[in-house]
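Here's the structure, in structure tokens; my notes come after.
Since the structure is predicted, the reported quantities are computational estimates derived from the model, not experimental observations. Lettering follows sequence order; numbering is per chain, from 1.
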Number of protein chains: 2
Amino acid sequence: MSTEATQELVEQWRALQCAYLKTSNALDRELSSRHGIGLNEFETLDLLAEHRAEGCRMKDLTLVSPMTQSALSKIVDRLEKAGYVQRAACAEDRRSLYVELTEAGAHLHDEAAGTHRELLEANLPA
Amino acid sequence: MSTEATQELVEQWRALQCAYLKTSNALDRELSSRHGIGLNEFETLDLLAEHRAEGCRMKDLTLVSPMTQSALSKIVDRLEKAGYVQRAACAEDRRSLYVELTEAGAHLHDEAAGTHRELLEANLPA
DNA sequence: TGTCATTGAATGATGCGTCATGTAATGTCC
DNA sequence: GGACATTACATGACGCATCATTCAATGACA
């Protein structure tokens with residue numbers, strides 16, 4: 001590979017990095033200050049809201065989230081402690097747990113989604 | 001803003017997130033296993049190599065790196081302990097410190113840069 | 001020149017994500 | 001149906017980034 005092509009690759013990577021960090025930092029800061037939850041918490045709520053109809057087990061979450069199983073377990077812990085989510089037993093497989101939005105969780109999601117979308121529009125490269 | 005436009009924004013964000021996480025995870029994993037340094041350490045070495053001619057103070061690093069001043073201080077700590085970098089007093093301003101690549105650091109950077117570029121090519125969206 | 005604000009850098013407390021591991025429950029195969 | 005592997009999830013240890021704070025040096029200004 002030529003030196004110029006390599007240089008271009010590095011610049012492309014730095015641009016990606018910059019766009020991602022700028023956006024995720026802005027999201028995290030605003031979601032925290034306005035709604036009291038971090039970005040990963042919000043995005044988990046968002047996934048739960050999206051799949052609310054089918055029902056969502058921990059395992060399903062790991063399939064659609066970029067987070068680790070372990071991280072998701074702790075995120076759901078925090079959301080549960082805050083009352084935004086609850087775990088429910090799964091009749092077909094007693095190892096599994098359903099994760100469900102509570103009233104408060106659905107309400108918070110509605111509010112925070114506005115902030116989220118607004119910041120995406122402000123930060124994402126057009 | 002229309003619902004569809006909002007939805008598209010969210011998809012754009014998830015794509016950005018996915019591309020960034022996939023690439024940075026791959027980079028971090030390979031740089032660690034092949035060269036024993038993390039991604040942020042490497043990118044700091046990379047910046048130092050890039051600005052080697054002018055001389056690079058801590059403060060200059062914070063201007064070109066996406067990392068925090070505090071994080072950079074600790075990254076340089078680790079690089080220094082590993083012998084890849086050294087801090088040197090700054091005559092014009094005794095609060096400042098120059099950060100310089102050592103022989104070993106320059107050598108490691110040469111090797112690791114190959115891995116870095118290779119993984120960028122493999123992971124970045126063409 | 002003495003006072004006060006600012007700057008460059010280091011550090012301690014804290015939060016969070018990851019890895020490795022543990023523990024049930026389930027599946028498989030003889 | 002009993003032994004073994006596998007799956008779903010939780011947890012503890014660890015690393016690392018961040019924030020707030022601290023400290024020393026410098027600048028500004030009366």
Side-chain angles (χ1 to χ4, degrees), chain A residues 17-18 20-22 24-33 36-45 48 55-82 85-100, chain B residues 17-18 20-22 24-33 36-45 48 55-82 85-100:
Chain A
Q17 201 174 209
C18 175
Y20 173 77
L21 293 175
K22 174 170 149 255
S24 75
N25 286 338
L27 283 169
D28 204 41
R29 196 169 15 253
E30 289 305 310
L31 287 169
S32 294
S33 66
I37 55 171
L39 176 56
N40 290 333
E41 270 104 342
F42 171 77
E43 303 210 307
T44 302
L45 281 186
L48 288 174
C56 194
R57 291 162 301 172
M58 273 292 173
K59 190 222 156 145
D60 303 320
L61 262 184
T62 65
L63 298 179
V64 292
S65 168
M67 307 292 305
T68 297
Q69 175 265 324
S70 167
L72 281 172
S73 181
K74 298 180 185 186
I75 289 172
V76 170
D77 274 353
R78 275 174 258 145
L79 289 173
E80 190 171 32
K81 260 163 206 140
V85 133
Q86 62 192 27
R87 291 184 234 236
C90 172
E92 310 89 63
D93 186 340
R94 301 211 314 259
R95 293 169 303 180
S96 283
L97 290 176
Y98 281 104
V99 187
E100 298 160 354
Chain B
Q17 197 173 211
C18 176
Y20 173 78
L21 292 175
K22 174 169 148 257
S24 75
N25 286 337
L27 283 169
D28 204 41
R29 198 171 12 255
E30 290 305 310
L31 287 169
S32 294
S33 66
I37 55 170
L39 176 56
N40 290 334
E41 272 102 341
F42 171 76
E43 303 209 307
T44 302
L45 281 186
L48 288 173
C56 193
R57 291 162 301 172
M58 273 292 175
K59 189 221 158 153
D60 303 319
L61 262 184
T62 67
L63 298 179
V64 292
S65 168
M67 305 293 305
T68 298
Q69 176 266 323
S70 167
L72 281 172
S73 179
K74 299 181 186 186
I75 289 172
V76 170
D77 273 354
R78 275 175 255 143
L79 289 173
E80 189 171 31
K81 261 161 204 140
V85 135
Q86 62 193 26
R87 291 184 235 235
C90 173
E92 309 89 65
D93 186 339
R94 299 209 318 258
R95 292 168 302 180
S96 283
L97 290 176
Y98 281 104
V99 185
E100 299 161 352

Rounded to whole Å, please give me the gap between [atom1] in [X] and [atom2] in [N].
X: R57(B); N: dT7(C); atom1: CZ; atom2: P; value: 14 Å
X: R78(A); N: dC16(C); atom1: CZ; atom2: C1'; value: 6 Å
X: D60(B); N: dG8(C); atom1: CG; atom2: P; value: 9 Å
X: D77(A); N: dG15(C); atom1: CG; atom2: P; value: 15 Å
X: E41(A); N: dG15(C); atom1: CD; atom2: C1'; value: 10 Å

Under 3.5 Å, which donor-acceptor pairs do the side chains of residues 71-80 of chain A form with other protein atoms, sequence neighbours left out?
from   : atom 1 : to     : atom 2 : distance (Å)
D77(A) : OD1    : R87(A) : NH2    : 2.1
R78(A) : NH1    : E41(A) : OE2    : 2.7
E80(A) : OE1    : R87(A) : NE     : 2.9
E80(A) : OE1    : R87(A) : NH2    : 3.4
E80(A) : OE2    : R87(A) : N      : 3.3

>> I'd like to know if the side chain of N25(A) and the backbone of L21(A) have a donor-acceptor N/O pair within less than 3.5 Å.
In response: yes
> Is there a donor-acceptor contact under 3.5 Å from the side chain of S65(B) to the main chain of M67(B)?
Replying inline: yes
Separation between [atom1] of [X] and [atom2] of [Y], rounded to the nearest 0.5 Å:
X: Y98(A); Y: D60(A); atom1: OH; atom2: CG; value: 7.5 Å
X: T62(A); Y: R57(A); atom1: OG1; atom2: CZ; value: 9.5 Å
X: L27(B); Y: Q17(A); atom1: CG; atom2: CD; value: 9.0 Å
X: L97(B); Y: L61(B); atom1: CG; atom2: CG; value: 11.0 Å

> Of the non-hydrogen atoms in N40(A) and T44(A), which two are nearest, and what is the gap between them?
Replying inline: O-OG1, 2.8 Å
>> Minimum heavy-atom separation for G38(A) and S32(A), please, with both atom names.
In response: CA-OG, 4.0 Å
> Ignoring hydrogens and angles, does a donor from either the side chain of K74(B) or the base of dG12(C) sit under 3.5 Å from an acceptor on the other?
Replying inline: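 Yes.
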Provide a list of protein-nucleic acid N or O atom pairs under 3.5 angstrom, restricted to nucleotides 21-29 of chain C.
from    : atom 1 : to     : atom 2 : distance (Å)
dT26(C) : OP1    : R94(A) : N      : 3.0

> Going 5' to 3' along DNA chain D, which nucleotides are the first and last within contact of chain A (any atom under 4.0 Å from a heavy atom)?
Replying inline: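 Contacts span dT7(D) to dA13(D), reading 5' to 3'.
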> Pick the nucleotide of DNA chain D nearest each of K59(A) and N25(A); which residue has the one closer to the 5' end?
Replying inline: K59(A)
> Would you say dT18(C) has OP1 or OP2 under 4.0 Å from some side-chain N or O of T68(A)?
Replying inline: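 For dT18(C), OP1/OP2 do have a side-chain N/O of T68(A) under 4.0 Å.
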> With a 4.0 Å cut-off on heavy atoms, is S70(A) in touch with a base, just the backbone sugar-phosphate, or nothing at all?
Replying inline: base
> With sugar-phosphate meaning primed atoms plus P, OP1 and OP2, does R29(A) contact a base, only sugar-phosphate, or nothing at under 4.0 Å between heavy atoms?
Replying inline: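 Contact class for R29(A): none.
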